[in-house]
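Each remark here refers to the structure printed beneath this line.
As a basis for the values below, the full set of heavy atoms in this structure was taken, side chains included, without hydrogen atoms, waters or symmetry mates.
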There are 6 protein chains.
Amino acid sequence: MGIHTYFQSLTDLERIIRCPGKFKFQDHSVAEHSWKVVQYAKTLADIEESNGVAVDWKKLYEITSSHDYGEIFIGDIKTPVKHFSLELRSMLQQVEEGMVDHFIDEHIPEEMKPIFRRQLREGKDDSVEGQILEVADKMDQVYEAFAELQRGNTEKEFVVMYRNALIKIKEIELHCVKYFLDHILPDLVREGSRSPIDIARITDEALAM
Amino acid sequence: MGIHTYFQSLTDLERIIRCPGKFKFQDHSVAEHSWKVVQYAKTLADIEESNGVAVDWKKLYEITSSHDYGEIFIGDIKTPVKHFSLELRSMLQQVEEGMVDHFIDEHIPEEMKPIFRRQLREGKDDSVEGQILEVADKMDQVYEAFAELQRGNTEKEFVVMYRNALIKIKEIELHCVKYFLDHILPDLVREGSRSPIDIARITDEALAM
Amino acid sequence: MGIHTYFQSLTDLERIIRCPGKFKFQDHSVAEHSWKVVQYAKTLADIEESNGVAVDWKKLYEITSSHDYGEIFIGDIKTPVKHFSLELRSMLQQVEEGMVDHFIDEHIPEEMKPIFRRQLREGKDDSVEGQILEVADKMDQVYEAFAELQRGNTEKEFVVMYRNALIKIKEIELHCVKYFLDHILPDLVREGSRSPIDIARITDEALAM
Amino acid sequence: MGIHTYFQSLTDLERIIRCPGKFKFQDHSVAEHSWKVVQYAKTLADIEESNGVAVDWKKLYEITSSHDYGEIFIGDIKTPVKHFSLELRSMLQQVEEGMVDHFIDEHIPEEMKPIFRRQLREGKDDSVEGQILEVADKMDQVYEAFAELQRGNTEKEFVVMYRNALIKIKEIELHCVKYFLDHILPDLVREGSRSPIDIARITDEALAM
Amino acid sequence: MGIHTYFQSLTDLERIIRCPGKFKFQDHSVAEHSWKVVQYAKTLADIEESNGVAVDWKKLYEITSSHDYGEIFIGDIKTPVKHFSLELRSMLQQVEEGMVDHFIDEHIPEEMKPIFRRQLREGKDDSVEGQILEVADKMDQVYEAFAELQRGNTEKEFVVMYRNALIKIKEIELHCVKYFLDHILPDLVREGSRSPIDIARITDEALAM
Amino acid sequence: MGIHTYFQSLTDLERIIRCPGKFKFQDHSVAEHSWKVVQYAKTLADIEESNGVAVDWKKLYEITSSHDYGEIFIGDIKTPVKHFSLELRSMLQQVEEGMVDHFIDEHIPEEMKPIFRRQLREGKDDSVEGQILEVADKMDQVYEAFAELQRGNTEKEFVVMYRNALIKIKEIELHCVKYFLDHILPDLVREGSRSPIDIARITDEALAM
């Protein structure tokens, strides 16, 4: 039924809660996460630019803002499931892409189909924009997990989430990653120093891996 | 770490919301759904028994109470995903079973492993107990969808859920299904007669299929 | 109006919150509590069986799943009220039973009335099933209170709830109680060791009484 | 431990929800209800005064603001329970008063005990202030039920609540009741005219009884 | 449309949350806050009376119960905004008063307009009642902030709120302030002694200013 | 304390609810609104581009994603307040800008200050990007209000919000506005045809103004 169906579907992501099942002091919807990723990515791209790297802002806009749109169709599948086997992971990604394609075929007007196919593609490729998206996405896991650890949440899942996100970030070679590790992460760790959980140690271990 | 890990994990199902994403006037956790399925199944089994059918109550107890326990590991995957392809559906079921097996291997003491393997198996087989579970599970979809339609929720998903659940129920040959169609469903439809949505017509169409 | 009225009433227990008034990090509905009691009881009964005790699974099913159904009519009356006087306690129980009887008389079809009278009876008698229900019900108080204490909730009510539930459990002579005290409780206490509240000491004091 | 214990207990009434169990579009805490009763009563007393009736504002202040404080100890016991038998009702009231007395004995300093005993007494006596409290308390039931009916809530409980509250109000002989029936209720009914539920008819029937 | 419009508007204050934006373990609506202020003020006035001070209970009733009614029109504007400049603060107060006046002009019947103008006026004048209102209002900030600090909330905003409220209270020369500082605050501080945040030190510093 | 303070502050916008006070079937946080505005704007800009208009994607990215960041400091001030007087409106905007400037001065490192000053500037200027932001922002009011009206919410505020947003949109001369009016709005109105509120009439009236 046209773009209206697409615009109206966006509100569904306000009702999909990240990391379902585990006890959290604060819930986050996929819509809220998506907005924060957009914001982080903007600053990360600014840092790249100020280091002389060219950024395709249109592409960055498209891939960051839509990077979790597919969850409207498949929900927030738990991370352990995604990592269960490479085969399942690839099949789930096929399903998500298939459902997005099917949505575009059915609802998006002919002349706009190419635009939507480009926008709703998987964005985490090897380009600088794809890498910035990956960093920004993991950075939100760092912040989500940190806020739980800082308030004394003892669910192991948040230690794992925090650690794995850090490990993933530090492996990406971007100026903004260096900036994050040198100038942002230390402030975050300092702020978490009163937590009953030893955030500094978890951080050091992750960075040493 | 033993049975404690299992007992403590149960509370996670209080935090997994059924049918994520869609607008609902009332949310239901998987734990709440599971309890209602246990209750429906009990009365359905009573009806079978009063028609001379033998019921294995231990088996019924085990399969109804645990039938969604696996969602602790994989979350509430959206129905359209499950129905996307038979291959994916079967692979997701394998993953869920694999994760349950892995949990039992790691956490359940040796002497209790066989009990847990039996309890946490997929229960929807062709036995009378397996069929009662299927009816009870679908019956809760009928009630969940009905409550939304009755209050004027116009999301198509609830019409689809209501209709598909009814179609599934009526295909099962049990005395309790006949009782449900003859004595329970008419009361429900009558109660929904003031809704802006024509529940009676949707019901008739489903039963005629 | 028949079984429909009964089935539909079940959802009301999703909206009655246990332990109203006190600050909690996590709320629990009576429906969620009921499901967890069903799950604990199943494992407790498995332990009894593996020690050679005969279990009536139909009875256990009936009394565990319905043990708080009467709260639909009277709500979650605060524990201190129940313990205020034996006279009041017995009168409240009469009221609850009277309202359940009245519901059955009015809504349940003639041929099913005996079944519902049996199912919705008070289940905590001296039989092994009645005792398992008592243990499972108190075990959920242990877990609910533990989760609050572990996160640093300083409301005295949760210390009292945890202690009283333990005292009640340890007085019941069942194999599964011994298993709980020897194999489950120590894991739980160990997990609570990082809490600002001294859960180990509270546990030892309760067990020594 | 003194007045601090009393002041701190007030927040518990923010966590006791009125009319537990039934589906509502909007929940109301006992604290919120109490504030609205204070507000209604103020205007009702203004109307009495402007008709030449003397109002004891200190008494009115005391009884309206504290009229549900006892629910901290016994919770929001469902109305049907209260009306089950005169004997139970009177016993529940004794328990509530006993627990309030016990709280005062234990926590309130000697010199302030008489003040608290007076403030936390049952306020609905035959004085003009006691009657105003009764009207204001029932008026909030009218508004709570009306808001549900207006939005299409079909739970019978809200029709009953609306009707019974109106019947109770119209039996009280105060100038402000006449004002309410002549000048406020008609506006409310007019506003509800688009509801799928026939609020005007329910109102007329209640007033005719 | 008359008093009905006013009565119905009250429920809006159940949906305005105090201190929006900051992480809190417990939210408070403006309606709930208002009720607690009414309750504190009552006891504070009792203390004044028992020290021989005359209290105008009608005035106290009016100004405490309605002191935040204007937030229906302007919402809960963040404290830093209010303190940004004296000019803005005074302009915001003019706007709030203008909107209240406009509401009275449009909705309140002629004969009741003077009553509502008096009731909904700004109450924090130099009279004993105005000062009691100020103390009670700040006392609720003390309790709200304390409950967060006690549970380990590390948002600086709550330290600031707690400290500033105490400083404001101690500057008011009333018997009840002395009673609060001598008899209530020490109990509160003692109760907070297990918090990871040093509430005693923050309290001492505030009182020493 | 650097960029960390900025990144961490973003989560505050998950806790500021739009349109506070009024009854809503669904709440929306400012973070969720911001993400939807980003999404609408992207498609609107695509439409402009396909009509040959040049779009500065970096600018569009910056102004859409940050357009409500200032609400972290001043909260969601109610629309009627903003429209009370031009003087107040301009003063509030000054305050918001002042607080944003102050935040940048205090927290953002020297070399990034110009970037943040540009990003957090008011974006609704006369450029095509500024106009797209205005349309996208108003479009979310259309969708938020529509969802309430469609479910039968009778609060007048949502009729006003829907109408005013439409009037504002239709006055902006962009290709995407024409597309919205011709191709998106009719689908939306058709979908609302079963609502008890006459959305088609309200729409026609707004477009005719």
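With contacts defined as side-chain heavy-atom distances shorter than 4.5 Å, the pair T43(B)/M112(C) qualifies.
Both the backbone and the side chain of L188(C) come within less than 4.5 Å of a heavy atom of chain B. Neither the backbone nor the side chain of D56(B) comes within less than 4.5 Å of any heavy atom in chain C. When heavy atoms are compared at a cutoff of 4.5 Å, H33(C) does not approach chain B at all. At a 4.5 Å heavy-atom cutoff, the contact between L60(B) and chain C is made by backbone and side-chain atoms alike. For a residue to count as touching a neighbouring chain, one of its non-hydrogen atoms must lie under 4.5 Å from one of that chain's; by this rule A136(B) does not touch chain C. Looking at P186(B), there are no atoms closer than 4.5 Å to chain C (heavy atoms on both sides), in backbone or side chain.
One distance of note links CZ of F180(B) with CZ of F7(C); it measures 8.5 Å at 0.5 Å rounding.
Side chain of Y143(B) to main chain of L10(C): no donor-acceptor pair is present (N/O by atom type, distance under 3.5 Å, no hydrogens or angles). With hydrogens and angles disregarded, a donor-acceptor distance shorter than 3.5 Å links the side chain of Y61(B) to the backbone of V38(C).
Top candidate by heavy-atom pairs under 4.5 Å with chain C, chosen from Y6(B), W57(B), F116(B), Y40(B), is W57(B).
A salt bridge is defined here as a Lys NZ or Arg NE, NH1 or NH2 lying under 4.0 Å from an Asp or Glu carboxylate O, and K58(B) with E49(C) meets this definition.
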